[in-house]
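Only a predicted model underlies this, so the values are computations on that prediction, with no experimental measurement involved.
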There are 2 protein chains.
Amino acid sequence: MGSEARTNQDEPDFAELLRGAKLRVTASRLGVLRSLARLSHADAETIASEVTSQLGSVSTQTVYSVLAAFVEAGIVRRIEPAGHPALHELRVGDNHHHIVCRTCGTTTDVDCVVGKRPCLTPSETHGYLLDEAEVTFWGICPGCQERGGTLQSRALLQGA
Amino acid sequence: MGSEARTNQDEPDFAELLRGAKLRVTASRLGVLRSLARLSHADAETIASEVTSQLGSVSTQTVYSVLAAFVEAGIVRRIEPAGHPALHELRVGDNHHHIVCRTCGTTTDVDCVVGKRPCLTPSETHGYLLDEAEVTFWGICPGCQERGGTLQSRALLQGA
DNA sequence: CAGTATTTTAGACTTGTTCCAATCTTGGAG
DNA sequence: CTCCAAGATTGGAACAAGTCTAAAATACTG
Ligand SMILES: [Mn+2]
Ligand SMILES: [Mn+2]
Ligand SMILES: [Zn+2]
Ligand SMILES: [Zn+2]
């Protein structure tokens with residue numbers, strides 16, 4: 001033991017993931033990957049502050065460019081639920097779907113029964129060459145249901 | 001004939017539609033409705049310029065507030081395909097879906113076999129109370145397929 | 001047809017994101 | 001190791017889409 005290269009048990013080998021994707025290994029990139037492993041469905045700003053708390057600092061622009069590189073390389077998935085900033089996650093390649101809370105925006109994964117895209121085909125493609133069927137379920141999350149039964153909270157809902 | 005109230009054959013009675021939705025009848029609102037009848041899936045700016053060409057002028061802000069009122073009243077549907085400004089359409093209440101072109105953004109309706117929301121339910125709701133399953137199909141439209149077969153166009157695709 | 005509630009408007013502002021050119025870092029060649 | 005070119009990071013400006021404001025204009029009610 002002692003002086004051998006320490007492979008941190010806690011986390012998958014992100015450096016290797018990067019190399020595999022032909023991306024240079026940098027502190028910012030490892031930081032973003034570590035953040036994504038903790039936070040599921042995170043927006044750029046949240047990631048930036050998480051990385052900052054790990055490394056001392058990152059610029060927002062770096063986070064944006066790192067995320068763009070990751071999405072391009074296929075190691076991160078980006079979703080853009082209507083009315084929310086883009087969210088990012090490490091879970092790629094399984095074509096899963098999402099449930100988004102109308103009240104608080106919390107986003108939860110739902111497995112896709114099919115598992116590979118496009119998991120659904122419309123009756124009529126209108127000549128399009130389809131590669132993906134993106135499904136977003138909208139509703140109220142358990143937490144918001146509790147707070148949400150009363151008229152009081154309906155007012156709150158409207159106000160916010 | 002002659003002096004009786006002229007009900008324009010060409011277009012449905014938008015004034016009536018507005019009154020039915022308890023909304024005041026104004027020139028801007030009629031203009032937006034007329035525009036939406038022509039343009040399917042239009043963004044605020046496109047609508048603004050269409051209304052301007054009809055009435056001489058409208059402010060962008062008016063278009064935004066008119067659209068917000070319409071969506072709130074349920075006479076207009078808004079969709080927000082990832083990476084595009086919000087689109088608006090008159091076709092409401094049938095829970096239809098959309099195909100969006102990855103290259104040019106053209107958006108086409110697809111009928112929903114079920115017709116009322118939520119037309120789909122995930123295997124596991126995670127406690128959410130669901131009211132809608134939004135389905136967006138992504139692919140390449142016929143036009144872009146033509147332009148798109150060659151390497152030349154793959155470069156173009158990457159550039160734009 | 002007057003009065004009030006609602007709508008329209010210009011303009012400032014916010015949020016999320018991209019572009020830029022200068023500076024720093026990484027991984028590979030020597 | 002050490003050096004260097006390709007690639008990554010940065011602050012700052014710029015951008016796109018949309019929201020907020022408070023004042024002026026207009027639509028419906030009585
Ligand atoms: Mn997910
Ligand atoms: Mn439609
Ligand atoms: Zn919620
Ligand atoms: Zn197209």
Inset, instruction - Identify whether any heavy atom of A:Ala86 sits under 4.0 Å from a base atom; if not, whether one sits that close to sugar-phosphate; answer base, sugar-phosphate or nothing. - result: sugar-phosphate
Inset, instruction - Select one nucleotide: of D:dA27, C:dT18, C:dG27, the one nearest the side-chain heavy atoms of A:Val25. - result: C:dG27
Inset, instruction - Report the distance from atom NE2 of A:His84 to atom P of D:dG18, rounded to the nearest whole Å. - result: 15 Å
Inset, instruction - Measure the SG-CZ distance between A:Cys101 and A:Phe137 for me, rounded to the nearest 0.5 Å. - result: 15.5 Å
Legend entry - Side-chain (A:Glu134) to main-chain (B:Trp138) donor-acceptor, under 3.5 angstrom: no
Inset, instruction - Would you give the length of the straight line joining atom OG1 of A:Thr60 to atom CD1 of A:Ile47, rounded to the nearest 0.5 angstrom? - result: 11.5 Å
Inset, instruction - Report yes or no: does B:His98 contribute a side-chain atom to a donor-acceptor pair with the main-chain N or O of B:Thr136 at less than 3.5 Å? - result: no
Legend entry - Distance in angstrom units between A:Asp43 CG and C:dT18 C1', rounded: 17 Å
Legend entry - Per B:Arg29 side chain, nearest of listed nucleotides C:dT17, D:dA8, C:dT7: C:dT7
Inset, instruction - Taking B:His88 for its side chain and B:Arg78 for its backbone only, find out whether a donor-acceptor pair lies under 3.5 Å. - result: no
Legend entry - Closest nucleotide among C:dT8, D:dG18, D:dA6 to the B:Pro85 side chain: D:dG18
Inset, instruction - May I ask you to evaluate whether B:Thr26 reaches the phosphate of D:dA27, defined as a side-chain N or O under 4.0 Å from OP1 or OP2? - result: no
Legend entry - Which residue lies more 5' along DNA chain C, comparing B:Ser28 with A:Ala27 via nearest heavy atoms: B:Ser28
Inset, instruction - Starting from the 5' end of DNA chain C, give me the residue, B:Leu23 or B:Thr60, whose nearest nucleotide shows up first. - result: B:Leu23
Legend entry - Value in whole Å for how far the P atom of C:dT25 lies from CG of A:Leu18: 18 Å
Inset, instruction - Give the rounded distance in Å between these two atoms: CD of A:Gln61 and P of D:dT9. - result: 12 Å
Inset, instruction - For B:Arg19 and for B:Glu80, find the nucleotide of DNA chain D with the closest heavy atom, then tell me which residue's nucleotide is more 5'. - result: B:Glu80
Legend entry - Separation of C:dT17 C1' from A:Leu87 CG (nearest whole Å): 14 Å
Legend entry - Length of the line joining B:Lys22:NZ and D:dA27:C1', which is rounded to integer Å: 16 Å
Inset, instruction - Report yes if at least one side-chain N or O of A:Ser59 is closer than 4.0 Å to OP1 or OP2 of D:dT10; otherwise report no. - result: yes
Inset, instruction - For the side chain of A:Glu45, starting at C-beta, report the closest nucleotide among D:dA27, D:dT9, C:dG16. - result: C:dG16
Inset, instruction - State, yes or no, whether a side-chain contact exists between B:Thr107 and B:Ile99 at a heavy-atom distance under 4.5 Å. - result: no
Legend entry - Value in whole Å for how far the P atom of D:dT26 lies from CG of B:Leu30: 15 Å
Legend entry - Backbone N/O of B:Asp109 and side chain of A:His126: donor-acceptor pair under 3.5 Å: yes
Inset, instruction - Tell me whether the OP1 or OP2 atom of C:dT17 has a side-chain N or O from A:Tyr64 closer than 4.0 Å. - result: yes
Inset, instruction - Among the candidates C:dT9, D:dT10, D:dA6, find the nucleotide nearest to the side-chain atoms of B:Thr62. - result: C:dT9
Legend entry - Helical bend (five base pairs per end, nearest 10°) for the helix from C:dC1-D:dG30 to C:dG30-D:dC1: 30°
Legend entry - Selected nucleotide, minimal atom distance to B:Arg24 side chain, candidates D:dT9, C:dT26, D:dC28: D:dC28
Inset, instruction - Take the protein atom CZ of A:Arg78 and the nucleotide atom P of C:dG16, then report the distance between them rounded to whole Å. - result: 14 Å
Legend entry - Least distance between heavy atoms, B:Leu55 atom then B:Arg34 atom: CD2-NH1, 4.5 Å
